[in-house]
Amino acid sequence: MEPEQVLDKILEVKDLKIYYRSIYGDYKSVDGVSLEVVRDEVFSIAGESGCGKSTLVDGMLRLVKTPGYIPSGKVIFEGVDLLKLPEKELNRIRWTKLAYVPQGAMNSLNPFLKVKEQMMDAILDHSDMKKKEAMQLIMQLLQEVGLSTKVAEMYPHELSGGMKQRVIIAMAIALKPTLIIADEPTTALDVVVQKGILQLLRTLKDKYGMSIVLVSHSMAAHAQVGDRVAVMYAGKVVEVSPVYELFEDPLHPYSKGLIAAVPSLEKKIIKGIPGLAPSPLDWPKGCRFHPRCPFVMNICREIEPPVKSIQQGRFVACHLYGD
Ligand code: SF4
């Protein structure tokens, strides 16, 4: 028994499936994902568009909307299965323990309200704070995310994309949650602003001892702030590794392809992954990556590889490893 390890887990996703009904059949966007997020880490989720990353986040937060449904699985947050929690209980832990920075967060601010009004609403709705105390907190939060307190009096249209994203992050940390789930928090920002936002998330995580689940298609973002990375392909996790090991020595052929496709000054040629991602309506038999894999073997076309522990902290689903 490993008691420390058990205590350290803040979020466990167990064999989670998220499907979408259609006239053609079920789109199996997330198809049996298991992962564990440890306290005080940035857990990165990587993969191409359409691999199921954002759907997984919706499932973790119980935000899957019809025609989507969750046929099976568990999402255990601090020992409680969020999928079974009554709505009232779930609302109680949202913001206070579990905060969300959604995709396109910059556009989620209300254009008719000043920044201070929207921050005030969020804080008063989810805490017992009085207005005066909440206003002091708003001023402190704005400074903490690198903004002037003058921003409190501004409307969203007066802010740049990076400033809006900082406001959203300020709202997410307002009640000091233990876990923030950030879905593509730097999409649509220029690279310099992206770097600043990622650094800010990392700084706040270290300061408050929060955990962060960072979903991004950008491998550079994971390299910059991730502690461990789960690589998703075709609705499944195909590798989980500490970030340094993943970039130094990726195990899964898909991870190798993703990293080879990251531009850098040293690379003369940048190789993409050949072929297209398959459809969630009809995943390939066996290993789902086999039609694109340069190492494909006969067994890969028939038998789906299970996730195996290869080294300390490293897991991979590929027939090249193990027995
Ligand atoms: Fe490639 Fe086979 Fe490994 Fe799939 S199981 S990634 S096809 S080698």
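What you are looking at is a predicted structure, and each value in this text was computed from that prediction instead of being measured. In each ligand, atom 1 is the first atom listed, and ligand 1 is the first ligand listed.
Here the heavy atom of the protein found nearest to atom 2 (Fe) of ligand 1 is Cys300 SG, 2.3 Å. Nearest protein heavy-atom neighbour of atom 1 (Fe) of ligand 1: Cys293 SG, 2.3 Å. Scanning the protein heavy atoms around atom 4 (Fe) of ligand 1, the nearest turns out to be Cys287 SG, 2.3 Å. For atom 3 (Fe) of ligand 1, the closest non-hydrogen atom of the protein is Cys318 SG, 2.3 Å.
Atoms of ligand 1 found under 4.0 Å from any heavy atom of His290, numbered from 1 in the order shown, are 7 (S). Near Leu320, meaning under 4.0 Å from one of its heavy atoms, ligand 1 places the atoms 8 (S).
In this structure, Arg21 satisfies the cation-pi test against Tyr69, with its NZ or CZ atom closer than 6.0 Å to the six-membered ring centre and inside 45 degrees of the ring normal.
Looking at Glu41 and Ser211, their side chains never bring a donor and an acceptor atom within 3.5 Å of each other.
Atom 4 (Fe) of ligand 1 has no N, O or S atom of His252 under 2.8 Å away, backbone or side chain. Residue contact annotation: His319 places no N/O/S atom under 2.8 Å from atom 1 (Fe) of ligand 1.
Of all heavy-atom pairs spanning Gly226 and Ser44, the tightest one is CA-OG, 3.5 Å.
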Report task. Take Met60 and Leu82 through the side chain to side chain contact (heavy atoms under 4.5 Å, CB included) test and state the conclusion after the steps. Result -> CA-CA 8 Å; Met60 287 176 183; Leu82 296 183; 6.0 Å; no
Query raised in the report: When you look at Tyr254 and Ile273, which way does the side chain to side chain contact (heavy atoms under 4.5 Å, CB included) test go after all the steps?
Result: CA-CA 8 Å; Tyr254 178 63; Ile273 301 172; 3.5 Å; yes
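Screening Arg292, Arg288, His252 for a side chain to side chain donor-acceptor pair (under 3.5 Å) with Tyr233, the sole residue that qualifies is Arg292.
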